[in-house]
Structure formats: structure tokens, C-alpha cells
Amino acid sequence: MDSQVIAAALATERKCYAALTEVMELTQDLSDAVQRQDQVTVQMFLSMRQEPINQLKEYRSLQRKRCASLPEEESAALWKVLTGKGADGTGQLQDLEKVVGQNQSLLERIQQADRQVSVRLGGKKSFYSK
């Protein structure tokens with residue numbers, strides 16, 4: 001696989017990490033606002049989280065397009081790494097795998113925090129209660 005493709009994918013995953021970190025911080029702030037029952041601040045943090053979430057969607061779309069532009073075998077190998085299913089790579093590919101793993105771990109923590117906030121805020125009407 002071309003090292004430029006891997007480098008570009010790695011750069012995008014690092015941007016994802018930055019956006020995920022922002023979402024996590026805003027989710028923690030949202031949780032604090034829910035605990036204080038500050039509805040104005042809750043609405044503000046919900047709105048603020050949307051921008052980095054939209055960025056994450058764009059980054060994912062970019063990675064899909066990058067994979068689609070590659071020959072089938074390389075595309076499958078890159079997508080396997082990007083989805084955390086691993087590959088026995090070396091050098092840059094290992095770096096990419098590491099960042100993807102960090103992103104997945106952070107995303108899981110965000111989902112757990114979001115679930116707690118949602119259930120506290122919405123009770124039985126929570127997205128997670130369905």
C-alpha cells in the first residue's frame with residue numbers, strides 16, 4: 001500500500017481524535033449542566049457538540065472515499081485497519097492502527113457518558129431506553 005495513502009489516512013484519524021476529544025469534553029460539561037438542572041446550559045452544550053460530530057461524519061466520509069479510490073485489495077486492507085479489525089502491518093500502518101484504536105476507545109467512553117446523560121435527562125424517553 002502506498003505510504004502517501006497511509007499518511008493521509010493517519011492525518012485524518014488524528015483529526016478525528018481531536019474532534020472526539022472535543023466531543024468528550026463537551027459531553028462532560030453537558031453532564032455537569034444536567035446535574036445542576038441548568039436547561040439553558042444543557043441546550044448550549046447540545047448545540048456545541050453538533051459541530052465536532054459533523055466533522056467526524058465528514059472525516060469518516062473522507063476515509064470511505066479514500067478507500068474507494070484504491071484498488072479492491074488495498075481498499076479492503078485499509079478499511080480493515082480503519083474499522084479496527086487490524087492488519088499485520090509495519091511502520092506507518094502500525095501507527096495508523098494505534099490511532100484508530102485510541103479513537104475507538106475514546107468513542108466508547110463518549111457513548112457511555114452520552115448514555116448516562118441521556119438517561120438522566122430523558123428518563124424513559126431517552127434514546128437509550130428504547
Side-chain angles (χ1 to χ4, degrees):
M1 189 177 312
D2 184 13
S3 66
Q4 289 179 339
V5 170
I6 297 170
L10 182 58
T12 301
E13 287 300 313
R14 287 183 174 142
K15 289 177 184 178
C16 284
Y17 184 81
L20 285 166
T21 300
E22 185 176 355
V23 171
M24 185 63 180
E25 290 171 1
L26 290 168
T27 301
Q28 290 169 339
D29 292 340
L30 174 62
S31 178
D32 293 341
V34 168
Q35 284 181 334
R36 293 190 312 270
Q37 297 180 351
D38 182 349
Q39 294 302 314
V40 172
T41 306
V42 166
Q43 289 300 317
M44 181 184 74
F45 284 123
L46 284 171
S47 295
M48 290 173 67
R49 279 191 337 164
Q50 194 59 49
E51 184 179 337
I53 289 171
N54 289 343
Q55 286 176 334
L56 288 164
K57 288 178 184 178
E58 288 177 29
Y59 296 144
R60 189 59 151 187
S61 176
L62 177 63
Q63 296 290 47
R64 286 180 195 272
K65 288 176 186 175
R66 183 172 286 123
C67 286
S69 71
L70 296 172
E72 190 174 332
E73 189 175 304
E74 288 181 17
S75 175
L78 180 59
W79 188 249
K80 189 175 178 182
V81 173
L82 292 173
T83 55
K85 296 182 175 115
D88 297 323
T90 58
Q92 280 184 311
L93 208 50
Q94 283 181 333
D95 293 341
L96 179 58
E97 287 180 84
K98 182 179 177 183
V99 174
V100 166
Q102 289 172 337
N103 288 354
Q104 288 180 337
S105 175
L106 184 52
L107 180 59
E108 289 170 10
R109 291 195 337 248
I110 290 168
Q111 288 171 331
Q112 181 179 7
D114 186 69
R115 181 177 295 111
Q116 291 172 349
V117 168
S118 179
V119 169
R120 251 189 277 146
L121 193 60
K124 290 183 180 180
K125 295 181 181 179
S126 166
F127 170 81
Y128 294 101
S129 294
K130 296 179 181 178

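Between Leu78 and Leu96 there is a side-chain heavy-atom pair separated by less than 4.5 Å.
Put simply, Leu82 and Leu62 are part of two different groups of oily side chains (I, L, V, M, F, W, Y) that touch within less than 4.5 Å, one to the next. A continuous path of ILVMFWY side-chain contacts below 4.5 Å connects Val5 to Val100, so both sit in one hydrophobic cluster. Hydrophobic clustering, with ILVMFWY side chains joined whenever heavy atoms are under 4.5 angstrom apart, keeps Val119 apart from Met24.
The other members of the hydrophobic cluster of Leu26, by chain and number, are Leu30, Val34, Val42, Met44, Phe45, Leu46, Met48, Val117, Leu121 (side-chain heavy atoms under 4.5 Å, ILVMFWY only).
Residues in residues 20-30 take part in these side chain to side chain donor-acceptor pair (under 3.5 Å) pairs, two or more places apart or across chains: Thr27-Arg49. Sorted by first then second residue, the salt bridge (charged side-chain N to carboxylate O under 4.0 Å, His left out) pairs that include residues 55-65, not counting sequence neighbours, number zero. The salt bridge (charged side-chain N to carboxylate O under 4.0 Å, His left out) analysis of residues 67-78, with sequence neighbours excluded, yields no pairs.
Shown here for Ala19 and Gln55, the closest heavy-atom pair between the two residues is CB-OE1, 4.0 Å. Scanning both residues, Gln63 and Ala9, for their nearest heavy atoms gives NE2-O, 3.1 Å. In plain terms, the two heavy atoms of Ala68 and Ser75 that are nearest each other are N-OG, 4.2 Å.
Residues satisfying the salt bridge (Lys or Arg N to Asp or Glu O under 4.0 Å) test with Arg66, not counting sequence neighbours, are none.
Atom CD of residue Gln35 and atom CZ of residue Arg120 lie 4.5 Å apart, to the nearest 0.5 angstrom. Note that SG of Cys16 is 11.0 Å distant from CG of Leu10, once rounded to the nearest 0.5 Å.
Under a 3.5 Å cut-off, the side chain of Glu97 and the backbone N or O of Val81 do not form any donor-acceptor pair.
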Below 3.5 Å, can you tabulate the donor-acceptor pairs from side chains in residues 103-113 to any protein atom, sequence neighbours excluded?
from	atom 1	to	atom 2	distance (Å)
Asn103	ND2	Glu13	O	3.0
Asn103	ND2	Glu13	OE1	2.9
Gln104	NE2	Thr83	O	3.0

